[in-house]
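Each remark here refers to the structure printed beneath this line.
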Amino acid sequence: MEHIFTTANFEEEVLKSDLPVLVDFYADWCNPCKMMAPVVESLAEELAGKCKVGKCNIDENLPVAQKYRVASIPTFIVFKKGEPAATFMGAMPAQTLRSQVEKAL
């Protein structure tokens, strides 16, 4: 299941998570983000129980995006124990994102 991360729940859902967390920073108007949406959704199902996967809309949650210096979208950040462990940017093939995330886990 894909989670929705917001400024209000980011600390609890991401930073305090027992599992590693993949956050997809995106915007509704971003075409590469739209292309990556089904890939992220699929990863959420594949990694269930191993990694929490979700999205954070940068337009609605600007303080979070600014804190992690999200300058271009989509940006994917893997958090482990409350800290960014890996960052990937831009649209990419599903297999590329999957292998990047698995390396970071």
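These values consider heavy atoms only, across backbone and side chains, with no hydrogens, waters or symmetry-generated copies.
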Let me check something: do [X] and [Y] share a hydrophobic cluster, defined by ILVMFWY side-chain heavy atoms less than 4.5 Å apart, either directly or through other members?
| X | Y | value |
| --- | --- | --- |
| V39 | F76 | yes |
| F88 | V21 | no |
| I77 | M36 | no |
| I58 | F79 | yes |
| V64 | F5 | yes |

> Taking the side chain from N57 and the backbone from E60, do they hold a donor-acceptor pair closer than 3.5 Å?
Replying inline: yes
>> So which atom in V23 and which in C56 form the shortest heavy-atom distance, rounded to 0.1 Å?
In response: CG1-CB, 3.8 Å
> Side chains of W29 and I73: closer than 4.5 Å at any heavy-atom pair?
Replying inline: yes
Let me check something: any side-chain donor-acceptor pairs from residues 96-105 under 3.5 Å, sequence neighbours excluded? List them with distances.
unit_1: R98; atom_1: NE; unit_2: E46; atom_2: OE1; d: 2.7
unit_1: R98; atom_1: NE; unit_2: E46; atom_2: OE2; d: 3.4
unit_1: R98; atom_1: NH1; unit_2: Q95; atom_2: OE1; d: 2.9
unit_1: R98; atom_1: NH2; unit_2: E46; atom_2: OE2; d: 2.9
unit_1: S99; atom_1: OG; unit_2: Q95; atom_2: O; d: 3.3
unit_1: S99; atom_1: OG; unit_2: T96; atom_2: O; d: 3.1

> Can you pull the side-chain hydrogen bond (donor to acceptor under 3.5 Å, both in side chains) pairs that have at least one residue in residues 9-25, sequence neighbours excluded?
Replying inline: T6-N9, E13-K52, D24-K55
>> Show every side-chain hydrogen bond (donor to acceptor under 3.5 Å, both in side chains) that has at least one partner inside residues 66-86, sequence neighbours left out.
In response: none
>> Can you tell me how far apart CD (E2) and OG (S42) are? Round to the nearest 0.5 Å.
In response: 10.5 Å
